[in-house]
Each structure stands twice: as structure tokens, then as C-alpha cells.
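Here's the structure we're looking at; comments come further down.
Keep in mind that the numbers below use all heavy atoms, side chains included, and drop hydrogens, waters and symmetry copies.
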Amino acid sequence: MAAAGDWAVGDAELPPTGNKDDLMARAAVRWNLRTGAVELISGIGGRRVSASGTVAGTTSTDAPALWRNGRIFALPLPPGGTPYSSSVSGITADGHSLVGGVEVSAGAISTSGPAGDPVASDRTVPVVWRGC
């Protein structure tokens, strides 16, 4: 999916274990391009990587997150943001600032069908996460 500095990142397809919870499991793979070492990182899908090796992506619930030094950190959402519909599109070289998009609820804007059946319109807004 992405490469920066000595690092590349993508996703791996894990073999089925028979556990129904594994259907939603995410696993990133981070390659050290200098040494050839490969590391499986469970709990996050790898979409971007920084030159320092920080992996950015989404969790199994599509919440934006990053992985650094063996830990996954959830990124904060803007007001009205939904964790199940977000993306991370870029990360700085040091891995401490990210950009992406988060779907936010715009509220009921019209009705459809029976009276009082609101139709919500969601929209994706750009987000910058700094100091991560």
C-alpha cells in the first residue's frame, strides 16, 4: 500500500481459525526494506507508513488509528464523527501528524416514506491529526 524511508506497509490475509471474530480481524504487514525483516501487526490495517516506521490505518471497526512501538493508538474523531467510516490518507515522515477523512452525521434533512421517518445525510470531512 505505501512505502517511506526504509519501510513498506500493506495488509496480509490471515488463514481462517474457525473463530467468527476473526472475520473482522485486521492485520498489517510492515517490511524493513533495508534488512528484509517482516512484521505482522494485528489490530490495524496498514494503509500508510512513516519514514520512522509508524503505521497508520484503521481498526476492524474502521476507526482511524496508528501503531507505534508495539501499541495501537486510536485517533480522536471530530464532533459527530463515526468511527466506522474513516480513512487515513497520509502521514508525515516522523509519524506524528496524519491526514484523512471522517464521516460525520449531518442530521435529518428530509423525510421519506411514513411521516416522521427521517433520512440522515452523512458527509466526509477532512481531518488533520497533529502531535500523535
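No donor-acceptor pair under 3.5 Å is formed between the side chain of R47 and the backbone N or O of V9. Using a distance-only test at 3.5 Å, with no hydrogens or angles considered, a donor-acceptor pair links the side chain of H96 to the main chain of C132. The backbone N or O of I44 sits nowhere less than 3.5 Å from a side-chain atom of T59 that would complete a donor-acceptor pair.
Considering every non-hydrogen atom in both V88 and G57, the closest pair reads CG2-O, 3.5 Å. When all heavy atoms of W67 and R30 are compared, the pair lying nearest together is CZ3-NH1, 3.4 Å. The two residues V29 and D11 have their closest heavy-atom pair at CG2-C, 4.3 Å. Smallest separation of non-hydrogen atoms from P64 and S86: CD-OG, 2.9 Å. Contact detail for A2 and R48: the closest heavy-atom pair is CB-CA, 3.9 Å. Counting all heavy atoms, side chain and backbone alike, L40 lies closest to A27 at CD1-CB, 3.7 Å.
Using a 3.5 Å distance cut-off with no hydrogens or angles, the side chains of S97 and R130 do not pair a donor with an acceptor. Between the side chains of S89 and S87, not a single donor N or O lies within less than 3.5 Å of an accepting N or O.
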Would you check, one step at a time, whether the test side-chain contact (heavy atoms from CB on, under 4.5 Å) holds for L66 with L75? CA-CA 7 Å; L66 63 86; L75 298 171; 3.9 Å; yes

Any chance you could lay out the side-chain contact (heavy atoms from CB on, under 4.5 Å) test for T54 and I91, step after step, and finish with the verdict? CA-CA 9 Å; T54 299; I91 187 168; 4.0 Å; yes

Verdict with reasoning, L98 to V128, per side-chain contact (heavy atoms from CB on, under 4.5 Å): CA-CA 6 Å; L98 298 93; V128 176; over 6 Å; no

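Within the 4.5 Å cutoff, no side-chain heavy atoms of V99 are placed close to those of P126. Between S50 and W7, every side-chain heavy-atom pair lies at or beyond the 4.5 Å cut-off. For the pair V104/P78, a side-chain contact is recorded, criterion being any heavy-atom separation below 4.5 Å from C-beta on.
Atoms CG and CD, from D62 and E103 in turn, are 10.5 Å apart once rounded to the nearest 0.5 Å.
In this structure, F73 is a member of the same hydrophobic cluster as V102, with clusters built from ILVMFWY side-chain heavy atoms closer than 4.5 Å.
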